A.B. asks: 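Pasting a structure below so you can have a look.
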There are 2 protein chains.
Amino acid sequence: MSVQKSSLYKGLLEPIIMQLLKENGRMYGFEITQKVKEITQNQLQITEGALYPLLHRLEAEGVLDASMETFGNRVRKYYSLTTKGKKQTAGALKEVQSFVETLQILFKPKLT
Amino acid sequence: MSVQKSSLYKGLLEPIIMQLLKENGRMYGFEITQKVKEITQNQLQITEGALYPLLHRLEAEGVLDASMETFGNRVRKYYSLTTKGKKQTAGALKEVQSFVETLQILFKPKLT
DNA sequence: TTGTATACATAAGAATCTTATGTATATTTG
DNA sequence: CAAATATACATAAGATTCTTATGTATACAA
């Protein structure tokens, strides 16, 4: 498998979730894992052991709101950004964008 | 201080070092910390507790070569990429570049 | 002589992830 | 129709990677 060395993504799971919820309004955990896989073309596969505890923490911190919904006999837990979460997301995403720009500078192939 | 949330850089220290050594040939630890600070405009400040153990590990793995040099009464430990290290760096840096592109896709502001 | 800078090093603890495991339902396939 | 795969949540143990704190030593400036 040519799956990305996932350690590169350490610390980025939280902003990724916030970005997705900002764009899509409302998502459930499993949906997030699928969406990330799709967008990154399988380069990043979020594990459940990383995702669910993080969602719980963000809910406890008042960044996310959660509500259960039943589809047939299947239960989904939908998450969305709270007002506080939206404010926090704005700042966090700016930081990430600045971070990405810095990475481009750091890893720009030298013109020899 | 508007220093970057450094947790974003988790997992990137190793490729950063490899990139710098690839470009500059030969550097010592303290020099690396200063160079990174300069390039990132203070957004990333590598701590010694992170850097030195990592350099030791890379040396033990045969990725880096080390040699001491004395300047007056001051000792510096210079590191450079071994042949093995150069091969590994080529692959690792491609991965990082692909990673950075993925980040741009993930965090590209939506055109509404 | 006190503080700041250079230069290395290590240890304890925190944060964040992987791997493994568990529960439960739905759907596809041999 | 049994077994495998997919959906959907959850948690615990352990690994990795970093921060913070501390230590040693020299050089130079205030």
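What you see is a predicted model, and the numbers here were worked out from it, not measured in a lab. Lettering of chains follows the sequences in order, A, B, ..., and the numbering in each one begins at 1.
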A.B. asks: Can Arg76(A) be said to sit on top of Phe71(A)'s aromatic six-ring, NZ or CZ under 6.0 Å from centre and within 45° of the ring axis?
C.D. replies: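 Yes.
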A.B. asks: With the side chain of Tyr52(A) defined as its heavy atoms from C-beta on, choose the nearest nucleotide among dA10(D), dC18(D), dT20(D).
C.D. replies: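 Nearest to the side chain of Tyr52(A) among the choices is dA10(D).
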A.B. asks: Leu51(A) near the nucleic acid: base, sugar-phosphate alone, or nothing, with a heavy-atom cut-off under 4.0 Å?
C.D. replies: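 Here Leu51(A) touches no strand at all.
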A.B. asks: Has Tyr9(A) got a side-chain N or O lying under 4.0 Å from the OP1 or OP2 atom of dC17(C)?
C.D. replies: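 For dC17(C), neither OP1 nor OP2 has a side-chain N or O of Tyr9(A) closer than 4.0 Å.
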A.B. asks: Between Arg57(B) and Glu14(B), does any NZ, NE, NH1 or NH2 come within less than 4.0 Å of an OD or OE carboxylate oxygen?
C.D. replies: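 Arg57(B) and Glu14(B): salt-bridged.
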A.B. asks: Within the structure shown, what part of the strands sits under 4.0 Å from Arg74(B) by heavy-atom distance: base, sugar-phosphate, or nothing?
C.D. replies: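 The answer is base, as Arg74(B) lies within the cut-off (heavy atoms under 4.0 Å) of a base atom.
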A.B. asks: Can you see whether Gln19(A) engages Glu23(A) through a side-chain donor-acceptor pair at a distance of less than 3.5 angstrom?
C.D. replies: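 Distance-only check passes for Gln19(A) and Glu23(A).
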A.B. asks: Testing Glu59(A), Glu31(A), Glu69(A) one by one against Lys77(A) for a salt bridge (Lys or Arg N to Asp or Glu O under 4.0 Å), which residue passes?
C.D. replies: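 With Lys77(A) as partner, salt bridge (Lys or Arg N to Asp or Glu O under 4.0 Å) holds for just one option, Glu59(A).
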A.B. asks: Taking NE2 from His56(A) and P from dA12(D), how many angstroms apart are they, rounded to a whole number?
C.D. replies: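 Atom NE2 in His56(A) sits about 11 Å away from atom P in dA12(D).
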A.B. asks: Atom CG of Leu12(B) and atom P of dC18(D): how far apart are they, to the nearest Å?
C.D. replies: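 Value for this atom pair: 8 Å.
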A.B. asks: Could you state the CD1-P distance from Ile46(B) to dT19(D), rounded to the nearest angstrom?
C.D. replies: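 Taking CD1 of Ile46(B) and P of dT19(D), I get 9 Å after rounding.
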A.B. asks: Between dT16(C) atom C1' and Glu61(A) atom CD, what is the distance in whole Å?
C.D. replies: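 About 14 Å, once rounded to whole Å.
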A.B. asks: If you assign each of Arg57(A) and Tyr78(B) to its closest nucleotide in DNA chain C, which residue comes earlier from the 5' end?
C.D. replies: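 On the 5' side of the pair lies Tyr78(B).
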A.B. asks: What is the nucleic acid contact for Ile32(A), judged by heavy atoms within less than 4.0 Å: base, sugar-phosphate only, or nothing?
C.D. replies: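 Here Ile32(A) touches no strand at all.
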A.B. asks: Expressed as a whole number of angstroms, how long is the span from Phe30(B):CZ to dA7(C):P?
C.D. replies: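 My rounded result for the distance is 6 Å.
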A.B. asks: Between Lys35(A) (NZ) and dT7(D) (C1'), how many Å, whole number?
C.D. replies: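 Distance check: Lys35(A) NZ to dT7(D) C1' gives 17 Å.
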A.B. asks: Any N or O donor-acceptor pair linking the side chain of Lys10(B) to the base of dT16(D) at under 3.5 Å?
C.D. replies: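 Flag unset: no donor-acceptor pair detected.
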A.B. asks: How many whole angstroms separate atom CD of Glu69(B) from atom P of dC8(C)?
C.D. replies: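 Rounded to the whole Å, the gap is 11 Å.
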A.B. asks: Select base, sugar-phosphate, or nothing to describe what Gly49(B) touches, counting heavy atoms under 4.0 Å on all strands.
C.D. replies: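 It contacts base atoms.
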A.B. asks: Among the nucleotides dT6(C), dA8(D), dT10(C), which one has an atom lying closest to any side-chain atom of Pro53(B)?
C.D. replies: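 Output: dT10(C).
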A.B. asks: More 5' along DNA chain C: Glu48(A) or Phe71(A), using each one's nearest nucleotide?
C.D. replies: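 Upstream on the strand: Glu48(A).
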A.B. asks: For Ser98(B) and Gln43(A), does a side-chain donor sit closer than 3.5 Å to a side-chain acceptor?
C.D. replies: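 Yes, a side-chain donor-acceptor pair sits under 3.5 Å.
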A.B. asks: Which nucleotide in the list dT19(C), dC9(D), dT10(C) gets nearest to the side chain of Thr47(A)?
C.D. replies: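 That would be dT19(C).
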A.B. asks: Among dC8(C), dT26(D), dT11(D), which nucleotide has an atom closest to any side-chain atom of Asn73(B)?
C.D. replies: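 Of all the options, the side chain of Asn73(B) is nearest to dT26(D).
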A.B. asks: Which of the following nucleotides, dA10(D), dA9(C), dC18(D), is nearest to the side chain of Tyr79(A)?
C.D. replies: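 Taking heavy atoms from C-beta onward, the closest nucleotide is dA10(D).
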A.B. asks: Over 60° means perpendicular and under 30° means parallel, so tell me whether Tyr78(B) and Tyr28(B) are parallel, tilted or perpendicular.
C.D. replies: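 Correct class here is perpendicular.
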A.B. asks: Heavy atoms only, 4.0 Å cut-off, all strands: where does Leu13(A) land among base, sugar-phosphate and nothing?
C.D. replies: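 Contact class for Leu13(A): sugar-phosphate only.
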A.B. asks: In whole angstrom, give the distance that lies between atom CG of Leu8(B) and atom C1' of dT19(D).
C.D. replies: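 So the two atoms are 15 Å apart, to the nearest Å.
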